[in-house]
Amino acid sequence: MTDLLQQLNDVQRKAVQTTSGPVMVLAGAGSGKTRVITYRIAYLIEHERVAPHQILALTFTNKAAREMRDRIDDLLYPGSTRGLWIGTFHSIFARLLRNYIHLIGYTSNFSIYDADDSKSLIKQVMKELGISTDSVPVNTVQGIISRAKNSFIMPAEFQRDASDYNQQKAAKVYEVYARKLRENNALDFDDLLIKPLELFDKSPELLESLQDYFRYILIDEYQDTNRAQYLVAKRLAAKHRNIFVVGDDAQSIYSWRGADITNILNFQDDYQDTAVFKLVENYRSTRTILRAANGVISRNRRQIEKELVSHRDDGEPLFLLESFNEKREADKVGEHIQSLKMLHGYDYRQMAVFYRTNAQSRVMEDVLRIHRIPYRIFGSVSFYKRKEIKDAVAYLRFIVNDQDSESLLRIINFPPRKIGQASIVKLREYADARGVSLYEAIRNAPDGGFQTRLLNALKGFVSMIEQLKMIAEEGTVYDVLSNLYELSGITSLLQAENTPESLTRYENLQELLSMARDFSDHNQGANGLNEFLNDISLATDYDETPESENYVSLMTVHAAKGLEFPVVFITGLEEKLFPLNCYEPEELEEERRLFYVALTRAEERLFLSWSKSRYHYGQPQVCMRSSFVDEIDSEIVMTEGGRSLSDAPLRQRDDGGGYAGRFNGRPAVPEAVRGRGGSAPAASSESDGLRKGVRVHHAMFGPGEVLSVQGRGEQRKARIRFRTAGEKTLMVQYAKLNIVS
DNA sequence: CTGCGCACCGCACGT
DNA sequence: CGGTGCGCAG
């Protein structure tokens, strides 16, 4: 263990060793955040002799949780993390709820509805309430309800406070939607976070026993917690106050799903005796890349002051690609990937292409395929969102929880068994009249005076379900799934169809089956099916680890958080795409943080790319270059013409050993600022004409007058009085001031 | 009841 | 452009 501590720098080591009381670690990008969490857990187990089950570590992705667990196992010994509670907020609380949710009127076999399930339920409720989706879009209603839930506002309260038209409509839907979830014995994703709070209110004894059980609480990516997550963590930690949070306000990019940046900004208000550690030493990126990132993020007003310090060389300049349309953009990216591989020995796995929206991936994909570049897309159309998988999962859910009428409706006539819409409407009326679940009504249908043809169809369905329920009680998940494929006729239907599409679907179902087999091999418990459904419901396509095979990674910037690559391409750098439509200044700041996340993923080489036109909804649109490009010191950005973006004379011509040598007959990146990067502007900045009394113009603050100038080189600062924004001190190298007079 | 074709509408980002 | 939902014919 002493060895372990030696692998940390001073600040990291203190953060690891401060084991009691509230601790906040502000960890800049690439500063060893994951290292601190994993070493701390290892330290608690090994040095402080804390039992692993007393430690609760909460992350935002399954992948992060899995990686941390593996790393701790590596640090200590295999199996050392047995009993450790490490996982996403959602999966950990789903597990807890399985044990205690009976206290608030659900049963432990509850279904978990994902965003799509929830959307269709909301749509259905709107229909019932006669709220046209033309007047209020479903997405809007879903968003309003989700935000209300994340803020822990219950339907009654929300209805009282609903202000505008949309909110009033949504409030009505919220109430019915919540009731239906309960009737279905189902929870949506937001419920997984707020039901624990209801549980704590209902049973203070339970809360206290959990407080004693989870002696040590650690939270990763704290800047991305929403109100419900904040509250649940706060209450769990209230007794022993061993709460350790790690985050970076500069990387807060999830406010749209309720993340509240004030949680991290105000942590010290909640815990007055917080020990705060700032990790600012970056081990990941070149100085040039960090200079770009620091320059960009410093334009945000609302942040905790910190600037990353590089531990690496200056490295290469950034490279700006400008294309005629998005197809050409993708071409250029492909060409650069090939030349980086050929001329600089990079592997495909060391390179990543980022974009703002998933829709952009298609063109990139097509072009990379033509270039015969192996690639892998993360996210996009998730395996779990495919129709055949959702159908199979609906069957499983329903077998576990026959109150789940949503899942029932999905499978009752798939494959087609002659139970049509009209029959279903009748059955629902029958169920509602008797106050029973839809399935209960179906089982009692023989008493309901329905047509014989329908009764026969229903009888066949019920006997299949009951048979599968029996298998579920005795057999493994694999048994249930394989039998359900057979009995339902799903697989024979797909085989009979015999088209390329049906073949793909068949293969997907086989893939699910092999996942079930794998699960059954590793989980012997009686509640296997429930656990399997938990995993499936909360799994995403983002959980896979890049770099396992040799391909280029394609992903959204959001998906890239937490990852790093030697070479990064940021594409689609256009106004209204990245940054995407921003109406409020705060939205622009979040986009800027997102751009910052993208920049700081790169270790060695960073390409910024934009296209002058792009298809949008099938319509070609003229695009303007993203203002974010202008926020990077132009001297460290090279254009394809081989000049710096500032068009300043280059300090050093390409000597042939530079980046790509020649590229498409044109000079590629000259190594212009190599070896000078950080200090290059220092030489020129002293003669930049900036002195007291000079009139300047700043992109954001507008016109102003220089009051004083201090420092030199990178440290050179100017005190300026702006006509509207007041007095400010700015770093000259980043401020990009234009001298007016 | 089922399958097909057409019209319409929307693209963030993801647990 | 791509997915979805609705209306109509069989």
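Values in this document were obtained by computation on a predicted structure and should not be read as measured data. As a basis for the values below, the full set of heavy atoms in this structure was taken, side chains included, without hydrogen atoms, waters or symmetry mates. Letters go in sequence order (proteins before strands), and every chain restarts at 1.
Around NZ of A:Lys127, the count of heavy atoms belonging to other residues, nucleotides or ligands within 6.0 Å does not exceed 12. Crowding of A:Met154 atom CE: a count of heavy atoms from other residues, nucleotides or ligands under 6.0 Å exceeding 12. Residue A:Arg69 qualifies as enclosed at atom CZ: its count of foreign heavy atoms under 6.0 Å is above 12.
Here C:dG3 presents its P atom at 13 Å from CG of A:Asn358, a figure rounded to the nearest Å. We find that CZ of A:Arg417 is positioned 14 Å from P of B:dC1, with the value rounded to whole Å. Separating the NZ atom of A:Lys327 from the P atom of C:dC1 is a distance of 14 Å, rounded to the nearest angstrom.
Taking the side chain of A:Thr61 as heavy atoms from C-beta on, and the options B:dT15, B:dC11, B:dA12, the nearest nucleotide is B:dT15. Closest approach to the A:Glu591 side chain among B:dG14, B:dA12, C:dC6 is made by B:dA12 (side chain taken as heavy atoms from C-beta onward). Side chain of A:Asn139, nearest nucleotide from B:dA12, B:dC11, B:dG14: B:dC11. Comparing B:dC11, B:dT15, C:dC6 by their nearest atom to the side chain of A:Arg257 picks out B:dT15. When the nucleotides B:dG10, B:dA12, B:dC1 are ranked by their closest atom to the side chain of A:Lys418, B:dC1 comes out on top. Between B:dT15, B:dC13, B:dG14, one nucleotide has an atom nearer to the side chain of A:Thr357 than all others, and that is B:dC13. Side-chain proximity of A:His616 to B:dT15, B:dC11, B:dG3: nearest is B:dC11. The listed nucleotides are B:dT15, B:dC11, B:dC1; the one nearest the side chain of A:Ala422 is B:dC1. Each of B:dA12, B:dT2, B:dC11 was ranked by its minimum atom distance to the side chain of A:Leu580; first place goes to B:dA12.
A salt bridge between A:Lys33 and A:Asp220 is present, with a side-chain N of the basic residue lying under 4.0 Å from a carboxylate O of the acidic one.
Nucleotides C:dT4 and B:dC13 have their P atoms positioned 15 Å apart, rounded to a whole Å.
Aromatic ring centroids of A:Phe60 and A:Tyr254 lie 6.0 Å or more apart.
Dashed line: the shortest gap from a side-chain N or O of A:Thr556 to OP1 or OP2 of B:dG14 is under 4.0 Å. Distances shown here put a side-chain N or O of A:Asn413 below 4.0 Å from the OP1 or OP2 atom of B:dT2. At C:dG2, one or more side-chain N or O atoms of A:Arg362 fall inside 4.0 Å of OP1 or OP2 (strictly under the cut-off). The side chain of A:Asn150 contributes no N or O atom lying less than 4.0 Å from OP1 or OP2 of B:dT15.
Stacking of A:Lys195 on the aromatic ring of A:Phe110 is not recorded, the 6.0 Å distance cut-off and the 45° axial limit not both being met.
Residues satisfying the side-chain contact (heavy atoms from CB on, under 4.5 Å) test with A:Ser120, not counting sequence neighbours, are none.
Stretches of at least 3 consecutive Watson-Crick or G-U wobble pairs, with each checked distance under 3.5 Å, appear in DNA chain B as B:1-10 with C:1-10.
If you check every strand for non-hydrogen atoms under 4.0 Å, A:Glu587 touches nothing. Counting any heavy atom pair closer than 4.0 Å across all strands shown, A:Ser423 reaches sugar-phosphate atoms only and no base atom. Within the nucleic acid shown, A:Asp114 has no heavy atom closer than 4.0 Å to any nucleic acid atom. Residue A:Phe60 is classed as a sugar-phosphate contact, given heavy-atom separations below 4.0 Å to backbone atoms only. Among the atoms of the strands shown, only primed sugar atoms or phosphate atoms (P, OP1, OP2) are found under 4.0 Å from some heavy atom of A:Lys123.
Position along DNA chain B of the nearest nucleotide to A:Glu590 versus A:Arg453 favours A:Arg453 as the more 5'-ward residue. Checking A:Thr59 against A:Gly618, the closest nucleotide of DNA chain B that is more toward the 5' end is the one next to A:Gly618.
In this structure, A:Trp256 counts as stacked on the base of B:dC13 under the 5.5 Å centre distance and 30° plane angle limits.
Atom CZ of A:Arg386 is separated from atom CG of A:Leu509 by 11.0 Å, given to the nearest 0.5 angstrom. For the atom pair A:Leu533 CG and A:Leu538 CG, the distance stands at 10.5 Å (nearest 0.5 Å).
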